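Heads up, the thing below is written out as structure tokens.
Here the structure is a predicted model, which means the values were calculated and not measured. Every chain is numbered from 1, with letters handed out A, B, ... down the list of sequences.
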There are 2 protein chains.
Amino acid sequence: MKNNITESSKCNAEDFPSVDGLRMTRQRSEVYSVLMSYRDHPTAGEVFERAKENMPTISLATVYNCLEALVQHGAVRQVNFERESSRYCPNLTEHGHFHDEESGKIIDVPLKKGAKLSDLLDLPEGAEIDNLEITLRGKISNN
Amino acid sequence: MKNNITESSKCNAEDFPSVDGLRMTRQRSEVYSVLMSYRDHPTAGEVFERAKENMPTISLATVYNCLEALVQHGAVRQVNFERESSRYCPNLTEHGHFHDEESGKIIDVPLKKGAKLSDLLDLPEGAEIDNLEITLRGKISNN
DNA sequence: TCAATAATTAGAATTATTCTAAAAATAGCT
DNA sequence: AGCTATTTTTAGAATAATTCTAATTATTGA
Ligand SMILES: [Mn+2]
Ligand SMILES: [Mn+2]
Ligand SMILES: [Zn+2]
Ligand SMILES: [Zn+2]
């Protein structure tokens, strides 16, 4: 029952009126609410399909523009798996992504609190990390 | 003076005659030696340019085919940065990649020996990891 | 030697994304 | 409110990395 969006738990664009220094147009608000409501990792095309339900006139170019604006303002994250189309993630906590090969699902993988990256990696001398991406692929053996 | 390929240290295709269960054609051998000689992270296009120096008739389609075969047989690794073209890595030890925003260079980041991924990540119950990709972007402050 | 299979090749096709340029919306004045 | 500058949206064209197609060439192994 985790992360299951019921009809009554769905949000509307007006529930997300502002993102820091970004002018909130109707389209940006709609795209943002699509991501905040269904908390999965849709592609731009999937965001487009969902956004059209509420706003049938929105264009794919605008969805790309809105996603870019939201990413640049740190409101959502862009995640990439191999060469597949980019996906967009509403979870702003530090986390990686596990791609389940069986179900195709993408699962957020939280970074353990207090864990330091430098415990795992031999970082280059003087490296200042602006961005970290951790991607896992595999299966979930449920028995 | 690390990882500097001098003229005399360059290798030729015949220095890499075999990769486990993969039929070693002239083209595959050439592509493989390009990767093993210059130990950086070239794109398919860059591999193509380098391979043509020794084998002017090789085609880009073949370079893509060879790279795919080498990746599938675990002889080289494919690495992706955001939506850029794929790059190919000859380093088979477990490591991540640091993309230096200033120089554009890609630096291998070794995993510390003995470090466990589960110390850093809250992996999903029963996750069997087939593939791990760690990508870092940032600057190197040298002072 | 001779089929069967696999690899290479040039060029066409695909597809996610970006670009272009015109229309619409918005913001900041007066 | 009107006016103007700026930003955003939009449809459709363009781009570019990669994959596909179908013909040719190379290799295997009976
Ligand atoms: Mn998938
Ligand atoms: Mn770069
Ligand atoms: Zn996520
Ligand atoms: Zn590498």
*Rounded to the Å, how far apart are Leu22(B) CG and dT5(C) P?*
20 Å

*Which atom of Asp40(B) lies closest to which atom of Pro90(B), heavy atoms considered*: O-CD, 3.5 Å

*Might you point out which heavy atoms bring Asn80(B) and Thr135(B) nearest each other, and give the distance in Å?*
O-OG1, 4.1 Å

*In the hydrophobic clustering (ILVMFWY, side-chain contacts below 4.5 Å, transitive), which residues join Ile106(A), or is it alone?*
Val79(A), Phe81(A)

*Would you mind reading off the distance between Glu46(A) atom CD and dA16(C) atom C1', rounded to a whole angstrom?*
13 Å

*By side chain to side chain donor-acceptor pair (under 3.5 Å), which residues pair with Glu68(B), not counting sequence neighbours?*
none

_Axis-to-axis angle between the two ends of the helix from dT1(C)-dA30(D) to dT30(C)-dA1(D) (five base pairs per end, rounded to 10 degrees)_ = 30°

*asked:* Checking contacts here: which listed nucleotide (dT26(C), dA6(C), dA17(D)) is nearest the side-chain heavy atoms of Arg23(B)?
replied: dA6(C)

*By nearest nucleotide on DNA chain D, pick out whichever of Ser86(B) and Thr25(B) is the more 5' one.*
Ser86(B)

_Electrostatic pair Lys139(B):Glu128(A) at N-O distance under 4.0 angstrom_ = no

*Using a heavy-atom distance cut-off of less than 4.0 Å, which residues of residues 57-82 of chain B contact DNA chain C?*
Thr57(B), Ile58(B), Ser59(B), Ala61(B), Thr62(B), Asn65(B)

*So which one's nearest nucleotide on DNA chain C is more toward 5', Arg83(B) or Gln27(B)?*
Gln27(B)

_Nearest whole Å is fine: how far is dA26(D) P from Glu30(B) CD?_
17 Å

*Is any side-chain N of the basic residue among Lys112(A) and Asp119(A) closer than 4.0 Å to the acidic one's carboxylate O?*
no

*Mind checking what makes side chain to side chain donor-acceptor pair (under 3.5 Å) contact with Thr57(A), not counting sequence neighbours?*
none

*What nucleotide among dT17(C), dA7(C), dT26(C) has an atom nearest to a side-chain atom of Arg28(B)?*
dA7(C)

*What integer distance in Å separates Met55(A):CE from dT8(D):P?*
15 Å

_Residues forming a side chain to side chain donor-acceptor pair (under 3.5 Å) with Ser59(A), sequence neighbours excluded_ = Thr62(A)

*Let me know the distance between CD of Glu84(B) and C1' of dA16(D), rounded to the nearest Å.*
14 Å

*Separation of Phe48(A) atom CZ from dT9(D) atom P, in whole Å?*
14 Å

*For the rings on His97(A) and His95(A), is their centre-to-centre separation under 6.0 Å?*
yes

